[in-house]
Every structure is written in structure tokens, then in C-alpha cells.
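Let me begin by presenting the structure, written as C-alpha cells, before commenting on it.
Please read these numbers as outputs of a predicted model, since none were measured by experiment. Each residue takes its place number in the sequence, starting with 1.
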Amino acid sequence: MKQSQTILCGLLLSASTLFTSAVTAATSEEPVQCDAEKNWVKADYTLTETTNDKVRSRSLTLWRKPDVVAHQYPASDITQVWEHVHERVKQTRFFDAYKRGIEYQPGENIHGRVDNDWEYRNQLVKQAFIDGLEKQDSKGSGCDIRTLYTAGSENGHIELVWADNLQLIVSFTVTKGEQKMHWQQQSLSHEQAGINAFFASRYGYQTTDYADIGDDHTDPFLTNMVHQGFIEAGASGFYNASGEALEGSHLH
């Protein structure tokens, strides 16, 4: 009987040790998995603008890899890429239909403005903006925790569903009178091979430095882009309840 009790105790101790090890391993692996998913992202969004009975929709795909993020606008065949380089931001605007690109050096002044806001480009909204909203509740577990934030005033109403661990917008709605803007995430992928292929294809384009575009008057592509006003920094399309672009000083 004593021997049976000894064996049973040993089995229980072993089972307890295995369970504790499994929980510890799962807990330690979860942050690593969440970081991997946060750093490798392809997220498709649809933006719908409604004014009275008029509805207009467009799309944006956010591509993200470590220290690099892109906003792809399929309707205009433009992809903007930002690289986080030594606490500064280097932007390249790719014109996909032409397989050409314009490079902007870190800290370059473009029409009186320096684009150095990595957080805004990487997340589409800044953390300071989120902190100014009222937290309602959170749902989900593991890497998929989503939090609802709201804000309301006489100027309008804001509702944001935020994926905490992924630092991604799930949905974002601004309503002001008869005007409504709604961003909705349509699909999400963390497949690294496809993300790498997307960036590699853009980096294969012929590029011109922004400082040199005025030196070549024989390049019809550059002439066309300058005339259309495309060779400068652009907003993402997010606005606050007052209709102001949610970037730069509006998000500080």
C-alpha cells in the first residue's frame, strides 16, 4: 500500500510539474507571438463617407514589417512607404502604374513640413489621440484583444474599436450632423512571405530623389507628377469631428 501511495504521489507531482511548465511556456511565448503578429501585417480597410444621401467609398491597405510601413491606395495606384531610421522617418512615394518612385530623405522639408511622425504612419492614429477618448470595454483574449473607445460633443461623435496588441484599427467612425465617415477593417493577414514580396516589388522600381526632380526636364513621368501635385506628403484620410485631418498637430 505504501508503495502504491508513493507511486501515486510521484505521478501527481509529475503531472503538476508538466502543467506548470506548459502554462509558463504558453505565457512566455504569447508576447513573442503578439510581437510577430504586430510587426507583420497586411490589413485591408474600406473608408465610406456619407453626406446626406451621397455615399463615397475607397480602400486602403496597410502593410507593415519591422521598421517599415506602407499605405497602399489601389484607386490611385500610389503606395507610400515610411522607414524608421535612427528615430527619423524616410518616406518613398511609389507610383505603381508607372513602377517609379520618389525618395524623400529623413528630415527633408516638403512645402514647409517635415514628415517625422512614425507612430501616426505605423498605426494610422496616434496614441495621444486614443488616450483622449473614453474607454468603454475590452473583449477577446491572447493577441486578439479589442477595446471600444468613444468621444462625443456638440461637434460630433467618435467611436473607435482598437486591437490593443496589434496596434491596429478595427473600425473607426466619426459622425457630425449629416456627415459620417466610417473606416472598417475587411481582412487581416500576418503571412510574412507575401508581405516581403510586396515591399520587394516596390523597391525594384526606378526611383528619383526629391531634391533632383527639377534637374531633369526630359522625364515625362516627373513632369506629369509635378503638375498633378502628387510629389509631396499626403494625409491618410482620417479626420476628427471638426473635419480636420487627424495628423500632425491635431493628434498631439
What pair of heavy atoms forms the shortest contact from [X] to [Y], and how long is it?
X: Ser189; Y: Ile195; result: O-CD1, 4.4 Å
X: Val161; Y: Arg146; result: CG1-CB, 4.2 Å
X: Ala70; Y: Phe199; result: CB-CE2, 3.7 Å
X: Cys34; Y: Leu166; result: O-CD2, 4.4 Å
X: Ala193; Y: Glu191; result: CB-OE2, 2.9 Å
X: Lys90; Y: Pro106; result: CB-CG, 3.8 Å

A side-chain contact here means heavy atoms from C-beta on lying under 4.5 Å apart; do [X] and [Y] qualify?
X: Arg100; Y: Leu222; answer: yes
X: Val89; Y: Asp117; answer: no
X: Asn116; Y: Arg88; answer: yes
X: Lys176; Y: Met181; answer: no
X: Thr147; Y: Lys135; answer: yes

Spacing of [atom1] belonging to [X] relative to [atom2] belonging to [Y], to within rounding of 0.5 Å:
X: Leu188; Y: Lys42; atom1: CG; atom2: NZ; answer: 9.5 Å
X: Ser171; Y: Gln186; atom1: OG; atom2: CD; answer: 10.5 Å
X: Arg58; Y: Tyr73; atom1: CZ; atom2: OH; answer: 7.5 Å
X: Glu159; Y: Thr150; atom1: CD; atom2: OG1; answer: 7.0 Å
X: Gln136; Y: Tyr149; atom1: CD; atom2: OH; answer: 10.5 Å
X: Lys126; Y: Glu119; atom1: NZ; atom2: CD; answer: 6.0 Å

Common cluster, [X]/[Y], ILVMFWY with side-chain heavy-atom separation under 4.5 Å:
X: Val81; Y: Val69; answer: no
X: Val125; Y: Leu148; answer: no
X: Val170; Y: Leu47; answer: no
X: Tyr210; Y: Phe221; answer: yes

Is there a donor-acceptor contact under 3.5 Å from the side chain of [X] to the main chain of [Y]?
X: Asn122; Y: Trp118; value: no
X: Arg121; Y: Trp82; value: no
X: Gln185; Y: Ile169; value: yes
X: Asp77; Y: Phe95; value: no
X: Arg93; Y: Ile78; value: no
X: His190; Y: Trp40; value: yes

Walk me through whether Gln123 and Trp162 qualify under side-chain contact (heavy atoms from CB on, under 4.5 Å). CA-CA 10 Å; Gln123 301 183 180; Trp162 179 251; 3.7 Å; yes

For Gln105 and Asp209: C-alpha separation, side-chain torsions, deciding distance, then whether side chain to side chain donor-acceptor pair (under 3.5 Å) applies. CA-CA 8 Å; Gln105 296 306 310; Asp209 192 279; 2.8 Å; yes

Under the side-chain contact (heavy atoms from CB on, under 4.5 Å) rule, what do His71 and Leu62 come out as? Steps first, then yes or no, please. CA-CA 5 Å; His71 299 173; Leu62 182 144; 4.2 Å; yes

Test item: side-chain donor near acceptor, Asn165 and Glu37, under 3.5 Å: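 Checked: Asn165/Glu37 side chains show no N/O donor-acceptor pair below 3.5 Å.
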
side-chain contact (heavy atoms from CB on, under 4.5 Å) assessment of Phe198 paired with Thr79: CA-CA 11 Å; Phe198 171 84; Thr79 298; 3.7 Å; yes

Tyr45-Phe172 aromatic ring centre distance below 6.0 Å: no

Dump the intermediate steps for side chain to side chain donor-acceptor pair (under 3.5 Å) on Tyr205 and Asp96, then the final yes or no. CA-CA 9 Å; Tyr205 294 176; Asp96 297 324; 3.1 Å; yes

NZ of Lys65: more than 12 outside heavy atoms within 6.0 angstrom? yes

Run Ile158 and Phe129 through side-chain contact (heavy atoms from CB on, under 4.5 Å) and show every step you take. CA-CA 11 Å; Ile158 295 175; Phe129 172 74; 4.1 Å; yes

According to the interplanar angle, ranging from 0 to 90°, do the rings of Tyr203 and Phe94 count as parallel (below 30°), tilted (30 to 60°) or perpendicular (above 60°)? perpendicular

